[in-house]
Amino acid sequence: MNKYIEEVLEKLGKENADQPEFLQAAKEVLESLEPIITKNEEKYRSQKLLEKLTVPNEIHMFDVSWLDDKGVEHVNKGYRVQFNNAVGVYKGGLRLHPTVNLSVLKFLGFEQCFKNALTGLPMGGAKGGSDFDPKGKSDNEVRNFCIAFTDKLYPFVGVGKDVPAGDIGTGAREIRFIGEEYLKKTGSLGGAFTGKPLDMGGSLVRTEATGYGLVYFTEEMLKKHGKDFKDKTVVVTGSGNVAIYAAEKAAQLGAIVVGCCDSTGWIYDEKGLDLAVLKDLKEVKRARLSEYPLAAGRGIYHEGKGIWNIKCDIYLPCATQNELDLEGAKTLVANGCFAVCEGANMPTTLEATKYLQEHGVYFAPGKASNAGGVSCSYLEMEQNAANESWSFEKTDARLKEIMVGIFHNLDEAAKDVGMEDNYVVGANIAGFKIIVDAMEQKGLL
Ligand code: GLU
């Protein structure tokens, strides 16, 4: 291991001992940058480059106090981690989930810098959210929370500064509540948030974008290896918008998508998931997946974890960080799976990633393969700035073009350092180069 990388990781480890997710993300990125760091070690050391890359520019933390339907007050923690804006305005989602803490948001913000750079679009990286859990809350309670959250968040964000969007637990409903309050506080909304409902200036394809983008990326990667989705057995994990629309696009390309899951269990549907039923359960009824077999008239529900036990050719983890561990990876390989492409942020543990790569599985890291969401967010910002609303076809075509471009960027970057087909190295090096160039140009190094 390169000495400079080792020193920075050691220091990070000491200073952030209580932040395992952040340390995991930093380790994955820094270690894979070894070829390029070793080549320029002296320069980067004197610039304190790695130190600057791994400390967020600003962290905003605040309390969020809101009333439930019984009039009882609750207090949650709110955050916005503005990691790096050398490449462009801070950009990244707001996660609402009980697991949210500073470690998770620093990991997500750090990843977002590389992801956004890889799109080739001028966006820096940020992430925010709260440990508030929208699950089981009434619309009114979610609104109360979003209003209180926005009252604390609004001074830090805005057009040309920081443009938040959705993430786990934050969909069009939450962005509506947040956007309405932001408008009240500041007098204008414009493109201050993305993932907006259409009537507030949202973009077509934004809901589908991460899932579709994942499949466009995967399709391009498979093409390079003489493969495609046709007649392949696919498993998606999760059942939010990433999973649902990855399943939809994969099915459109001829795949049979036989499984998905939520936090309580997983579905195996040998004939291929009934997406109309899945959308109704998850997007309309906000129900549990355990209701799928009855609603679809087919499929088997299994309680608990273990979706990786389904035999498949292509596995698309679209739920959350560290959902796929070494045991899962071993089972996938034993069952003949040849591609794992991440739809969520860092859903595969470091050990599982290594195992998959060592066993010849084509592996795409989320910071590249799930960049469709943020790419479409940029298209939403473009439409807002020009006062336009593009058709579904035009937006979808731009999205596909961006995803195909990302694949080739990282494919080239991996080849350049003699590690062809290692898309983890390719993504980190390609993103790193763009960020470092921008920091240099802005005199930040
Ligand atoms: N939350 C998404 C992501 O992880 C989208 C962010 C955005 O659109 O700004 O990339």
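All values below come from the heavy atoms of this structure, side chains included, with hydrogens, waters and symmetry mates left out. What you are looking at is a predicted structure, and each value in this text was computed from that prediction instead of being measured. Just so you know, ligand 1 is whichever comes first in the structure, and atom 1 is the first atom listed for that ligand.
- Looking only at protein heavy atoms, the nearest one to atom 6 (C) of ligand 1 is Gly93 N, 3.6 Å.
- By the side chain to side chain contact (heavy atoms under 4.5 Å, CB included) test, Ile59 pairs with Pro56, Met61, Val81, Leu102, Lys106, sequence neighbours left out.
- Phe229 places a side-chain heavy atom less than 4.5 Å from the side chain of Thr218.
- Lys354 and Glu351 are not joined by a salt bridge, as no carboxylate oxygen comes within less than 4.0 angstrom of a charged side-chain nitrogen.
- Tyr423 and Phe407 have their aromatic ring centers within a separation under 6.0 angstrom.
- Residue Asp167 has at least one heavy-atom neighbour below 4.0 Å for each of these atoms of ligand 1: 1 (N), 2 (C), 4 (O).
- Within the structure, ligand 1 has Gln112 among the residues with a heavy atom less than 4.0 angstrom away.
- Ligand 1 has no nitrogen or oxygen under 3.5 angstrom from a nitrogen or oxygen of Asn370.
- Looking only at protein heavy atoms, the nearest one to atom 9 (O) of ligand 1 is Lys91 NZ, 2.7 Å.
- Using a 4.0 Å cut-off to heavy atoms of Asn345, the atoms of ligand 1 that qualify are 4 (O).
- For Pro164, the closest heavy-atom approach to ligand 1 does not fall below 4.0 Å.
- Shortest contact from atom 8 (O) of ligand 1 to any protein heavy atom: Ser377 OG, 2.5 Å.
- Remark: Lys137 is positioned above the aromatic ring of Phe132, its terminal NZ or CZ atom under 6.0 angstrom from the ring centre and at most 45 degrees off the axis.
- No cation-pi contact links Lys127 to Phe83, judged by a cut-off of 6.0 Å to the six-membered ring centre and 45° from its axis.
- Under a 4.0 Å criterion applied to the non-hydrogen atoms of Ala165, ligand 1 contributes the atoms 7 (C), 8 (O), 9 (O).
- Among Arg206, Arg95, Lys115, Glu380, the residue whose heavy atom lies closest to atom 10 (O) of ligand 1 is Lys115.
- Note: Tyr216 and Tyr212 have perpendicular aromatic rings, judged against thresholds of 30 and 60 degrees for the angle between ring planes.
- In this structure, Phe432 has its ring center closer than 6.0 angstrom to the ring center of Tyr44.
- Annotation for ligand 1: atoms under 4.0 Å from non-hydrogen atoms of Lys127 are 1 (N), 3 (C), 4 (O).
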